[in-house]
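Worksheet for the structure shown next.
Just the heavy atoms: all of them, side chains too, but no hydrogens, waters or symmetry mates, feed the values below.
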There are 2 protein chains.
Amino acid sequence: MASNRADLAAMMYPVSRALMAAELPILRTHEISMWGYAVLNTLVEQPIHTQSALAKEIGADKTRIIPVLDELQERALIERTPDPDDRRARRLAVTDAGRALRDAVQADIQRGEDRLLARIPAADRTAFLRALALLAELAPEEISYLS
Amino acid sequence: MASNRADLAAMMYPVSRALMAAELPILRTHEISMWGYAVLNTLVEQPIHTQSALAKEIGADKTRIIPVLDELQERALIERTPDPDDRRARRLAVTDAGRALRDAVQADIQRGEDRLLARIPAADRTAFLRALALLAELAPEEISYLS
DNA sequence: TATTGTTATACTCTATAACTATA
DNA sequence: TATAGTTATAGAGTATAACAATA
């Protein structure tokens, strides 16, 4: 199968680092951090019932997102409401302002990404995005070379 | 263009993290670090005339690869020879043993990767690899959303 | 006994500063 | 004055341990 290609990780990791770096100026313009944006992006899909679940969803440690959630809440971009069914937990939901901010950020980011994707021949571009989406939907545990 | 897709970085970064994590057990088996493997991979392509150039090539700081080079040299996987034309510099080249090790490691890694790639429909797979290789060959500076 | 959220702490990785020797 | 290689140090980012409240 492999016709003398470079390792996948060796190709993908530097590219994804560069993609993240390219997002930073945009995020700064909107005064939000990478983790903050990741949280908004996740909560836009659906509210989440515990902070632990959110942390797991975005691949972060539960202790690491606490300052992020604190700031998002202060800025009224998310709501943390005590769960009446489990008084330990705090339900998380994005506010209208949070949704608007994430939409604005994403529009800027994807505008830049589209210019980059334009370098890929149209015939390959959709297949690339389809394959990438497929890989991204795999659970991390499914990406293993053992067994 | 974008038909409601996730951000590129949001898709690629977790995947590349998982790919790197999947390599670790293989690297451990061959008793080499990720950076050590990256160095061998680069030197297999061509010898390099300064450590700074090597560091830049693999996206590392020049101070960070020194212990890596020390160990590779101790294990006779690379050679560091003083450059007669510039006595500050040390030319870097992979040895036969180094080349053999990198070939063995790469075979193991790509065997695992091929199993992963098999999940992608064949019609998309080659286009995916072609597009990924194209992005990987861009200089990091070319991946920018400004201008 | 286990889990949620939290704080404080330790650890890892990475970049910066400062040095010697050459150019 | 600038660069190659090196060392030691500082910083950012991340994970671990321990705690109170609740299940």
Side-chain angles (χ1 to χ4, degrees), chain A residues 9-10 13-14 16-21 23-24 27-28 32-39 42-43 47-74 78-93 140-141, chain B residues 9-10 13-14 16-21 23-24 27-28 32-39 42-43 47-74 78-93 140-141:
Chain A
Y13 190 71
S16 42
R17 289 293 296 262
L19 289 172
M20 294 215 311
E23 288 186 5
L24 287 181
L27 292 167
R28 247 195 307 273
I32 191 163
S33 69
M34 187 78 72
W35 286 117
Y37 177 56
V39 167
T42 305
L43 293 181
I48 289 194
H49 286 274
T50 71
Q51 296 184 183
S52 301
L54 173 66
K56 194 176 178 188
E57 183 72 23
I58 64 179
D61 194 273
K62 64 173 180 170
T63 64
R64 226 167 59 203
I65 59 171
I66 290 176
V68 178
L69 297 178
D70 287 346
E71 203 206 319
L72 291 175
Q73 185 180 26
E74 253 174 53
I78 65 167
E79 278 174 349
R80 275 201 279 201
T81 55
D83 185 339
D85 298 341
D86 182 345
R87 281 160 57 205
R88 295 171 304 180
R90 313 177 72 174
R91 291 182 175 170
L92 302 169
E141 307 85 60
Chain B
Y13 190 71
S16 41
R17 289 292 297 262
L19 288 172
M20 293 215 312
E23 289 186 4
L24 288 181
L27 292 168
R28 248 195 306 274
I32 192 163
S33 69
M34 188 77 72
W35 285 116
Y37 177 56
V39 167
T42 305
L43 293 182
I48 289 194
H49 286 274
T50 71
Q51 297 183 183
S52 301
L54 173 66
K56 194 176 179 189
E57 183 71 25
I58 64 179
D61 194 273
K62 64 171 179 167
T63 64
R64 225 167 59 202
I65 59 170
I66 290 176
V68 178
L69 296 178
D70 287 346
E71 204 206 318
L72 290 175
Q73 185 179 24
E74 252 176 53
I78 65 168
E79 278 174 349
R80 276 200 278 199
T81 55
D83 184 338
D85 298 340
D86 182 345
R87 282 162 56 207
R88 294 172 304 181
R90 315 176 70 174
R91 291 183 175 169
L92 302 168
E141 308 85 60

### Query
Taking the side chain as C-beta and beyond, is there a heavy-atom pair between B:Y37 and B:L27 under 4.5 Å?
yes

## Note on the structure
Applying side chain to side chain donor-acceptor pair (under 3.5 Å) to A:E71 and not counting sequence neighbours gives A:R75

### Task
For B:L54 and D:dT6, give me the distance from atom CG to atom P, rounded to whole Å.
12 Å

### Task
Take the C1' atoms of the five end pairs on each side of the helix from C:dT1-D:dA23 to C:dA23-D:dT1, derive the two axes, and give their angle rounded to 10 degrees.
10°

Let me check something: any side-chain donor-acceptor pairs from residues 49-62 of chain B under 3.5 Å, sequence neighbours excluded? List them with distances.
unit_1: B:H49; atom_1: ND1; unit_2: B:R91; atom_2: NE; d: 3.2
unit_1: B:T50; atom_1: OG1; unit_2: B:A53; atom_2: N; d: 3.0
unit_1: B:Q51; atom_1: OE1; unit_2: B:R80; atom_2: NH1; d: 2.9
unit_1: B:D61; atom_1: OD1; unit_2: B:T63; atom_2: N; d: 2.9
unit_1: B:D61; atom_1: OD1; unit_2: B:T63; atom_2: OG1; d: 2.7

Distances for protein N or O near nucleotides 11-14 of chain D N or O, under 3.5 Å:
unit_1: D:dT14; atom_1: O3'; unit_2: A:R64; atom_2: NH1; d: 3.4

### Task
Mind listing the closest non-hydrogen atom pair of B:A9 and A:L19 along with its distance?
CB-CB, 3.8 Å

### Message
Across nucleotides 4-11 of chain C, 5' to 3', mark each nucleotide with B, S or - according to how protein heavy atoms within less than 4.0 Å reach it.
### Response
SBBB----

### Reported CD-to-OH distance for the pair A:E23 and B:Y13, which is rounded to 0.5 angstrom
12.0 Å

### B:E74 CD to B:D70 CG distance, which is reported to the nearest 0.5 Å
7.0 Å

### Query
Side-chain contact, heavy-atom cut-off 4.5 Å: B:T42 with B:L92?
no

### Message
When you compare the side chain of A:E79 with that of A:Q73, does any pair of heavy atoms fall below 4.5 Å?
### Response
no

### Task
Using whole Å, report how far NZ of B:K56 lies from P of D:dA4.
11 Å

### Task
Kindly write out the residues that satisfy side chain to side chain contact (heavy atoms under 4.5 Å, CB included) with A:A10, not counting sequence neighbours, or none if the list is empty.
A:D7

### Message
Restricting to salt bridge (charged side-chain N to carboxylate O under 4.0 Å, His left out), what partner residues turn up for A:R88, sequence neighbours left out?
### Response
A:D86

